[in-house]
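Hydrogens, waters and symmetry mates are skipped; everything else that's a heavy atom, side chains included, is used.
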Amino acid sequence: MLCKITIDINNHLEKRWRYSLGQSLENSVLSLLQETIMAKNAPKPLKAAYLIKASSHLETSILKLRLFLELNIANETKIFQTQAKLAEAGRMLGGWLKSVNS
C-alpha cells in the first residue's frame, strides 16, 4: 500500500520533480521495504542491523515528504496519508527492534 501511494504521488508530479525528488522518494520506500524483508528472513543476531537500516530509510522518506509539503509540489492529502502509513511502519519497526534487542 505504501509503495502504491508513493508511486501515485510521483506519477502526478511535474516532470521537473518526478525524476529527482519523486524518484528519490520511491527509492527510499523500496529500500525500506527491502530492508524489512531482509530483517524478516535474517537469523536473529542479524535482524537488528537490517531493522536499523530500514529505520534510516523510513526517516529519509519522512523528510522527503516534508520537503514535498514545503515546496507545495504534490497533493497534500496524499502526502498526509503517506506520512500516516510511514508513522505506523515506524511504530512497528521500533517495537520489532525492541523485541530483537531484549
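- Considering every non-hydrogen atom in both R18 and N10, the closest pair reads O-OD1, 3.1 Å.
- If you take OG1 on T82 and NZ on K4, they are separated by 12.5 Å, rounding to the nearest 0.5 Å.
- Heavy atoms only, all atoms of each residue included: A39 and L51 are closest at CB-CD2, 3.7 Å.
- Connection of W17 to I5 is established within a shared hydrophobic cluster, with ILVMFWY side chains joined at heavy-atom distances below 4.5 Å, either directly or through further cluster members.
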- Go through E88 and M92 one step at a time and tell me if the side chain to side chain contact (heavy atoms under 4.5 Å, CB included) criterion holds. CA-CA 6 Å; E88 183 182 352; M92 287 186 214; 3.3 Å; yes
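- Rounded to the nearest 0.5 Å, atoms CZ (R91) and CG (L86) are 11.0 Å apart.
- Both L97 and L58 are members of a single hydrophobic cluster when ILVMFWY side chains are connected at heavy-atom separations under 4.5 Å.
- Remark: of the listed residues T60, L93, N27, I37, L93 is the sole one forming a side chain to side chain contact (heavy atoms under 4.5 Å, CB included) with L32.
- Put simply, L63 and L21 are part of two different groups of oily side chains (I, L, V, M, F, W, Y) that touch within less than 4.5 Å, one to the next.
- The cluster map of Ile, Leu, Val, Met, Phe, Trp and Tyr, joined by side-chain heavy atoms under 4.5 Å apart, puts I73 and L65 in the same cluster.
- V29 and I79 fall within a single hydrophobic cluster, where Ile, Leu, Val, Met, Phe, Trp and Tyr are joined by side-chain heavy atoms under 4.5 Å apart, directly or via other members.
- Within the structure, side chain to side chain donor-acceptor pair (under 3.5 Å) contacts touching residues 28-38 (residues at least two apart or in different chains) are S28-K64.
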- Message: side chain to side chain contact (heavy atoms under 4.5 Å, CB included) for C3 and L33? Distances and angles first, verdict last.
- Response: CA-CA 9 Å; C3 290; L33 181 62; 3.9 Å; yes
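- Taking CG of D8 as the start and CG of L13 as the end, the distance is 10.0 Å to the nearest 0.5 Å.
- Residues I9 and N75 fail the side-chain proximity criterion, which asks for heavy atoms closer than 4.5 Å.
- Using a 4.5 Å heavy-atom threshold, the side chains of W96 and K40 count as touching.
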